[in-house]
Amino acid sequence: MNLYDTAKKDIEDITTNKAEWGKDATFTAPTAETETVAVIHNKHHTGFNELGERVNSLYGSVAVSESILNANGYPIRNANGDVYLQRHLIDVKDSTGVVQNYVAREWYEDETIGLIIIILGRYTNT
């Protein structure tokens, strides 16, 4: 196993380690495919308004291993082969057992190690 393969395996192990920090997240594609995987979930209660002033707002992010999403065929890439998560819903169960509902706003993939960071916005599923 070369160094890149080792790094990819380490990322997969780290993001799915529920004993340490991994949380269950259910991904739902606009085409209705779903996949529940472990992710690293963060919530942030600060942001910036259009004037660049710091404001109180709720944002979240998840870090997920691409190989975990690919394992069961969850669609993360578009026809051009780019990671494209527009309108994907991500429901994360936090440490208290409460499910937080999000929609993917931005995503940043590291093609070398297979890690995808997804910036989340809140949504209501009612």
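Excluded from the calculations below are hydrogen atoms, water molecules and symmetry mates; all remaining heavy atoms, backbone and side chain alike, are included.
The two residues Ser61 and Ile119 come nearest to each other via the heavy atoms CB-CD1, 4.1 Å. In terms of heavy atoms, Tyr74 sits closest to Thr34 at CD1-C, 4.1 Å. The heavy-atom pair separating Tyr4 from Thr112 by the smallest distance is CE2-CG2, 3.1 Å. Looking at every heavy atom in both residues, Glu109 comes nearest to Val83 through OE1-CB, 3.7 Å. Shown here for Val103 and Tyr123, the closest heavy-atom pair between the two residues is N-CD2, 3.6 Å. Scanning all heavy atoms of the two residues, the minimum distance from Ala104 to Ile90 falls at CB-CD1, 4.4 Å.
From Ile11, atom CD1 reaches atom CD1 of Ile40 across 7.5 Å, with rounding to the nearest 0.5 Å. To the nearest 0.5 Å, atom CG of residue Asp13 and atom NZ of residue Lys8 are 14.5 Å apart. Considering NZ of Lys93 and NZ of Lys23, their distance stands at 11.0 Å, rounded to 0.5 Å. If you take CD on Glu35 and CG on Asn70, they are separated by 10.0 Å, rounding to the nearest 0.5 Å. One distance of note links CG of Leu69 with CD1 of Ile76; it measures 5.5 Å at 0.5 Å rounding. Taking OH of Tyr108 as the reference point, atom CG of Leu115 lies at 13.5 Å (rounded to 0.5 Å).
Taking the six-membered ring for Trp, Tyr102 and His88 have ring centres at least 6.0 Å apart.
Atom CZ of Arg122 has more than 12 heavy atoms from other residues, nucleotides or ligands within 6.0 Å.
Applying the salt bridge (charged side-chain N to carboxylate O under 4.0 Å, His left out) rule to pairs touching residues 42-61 yields nothing, sequence neighbours excluded. Sorted by first and then second residue, the salt bridge (charged side-chain N to carboxylate O under 4.0 Å, His left out) pairs involving residues 57-74 (not counting sequence neighbours) are Glu66-Arg77.
Between the side chains of Thr36 and Thr26, at least one donor-acceptor pair of N or O atoms lies under 3.5 Å.
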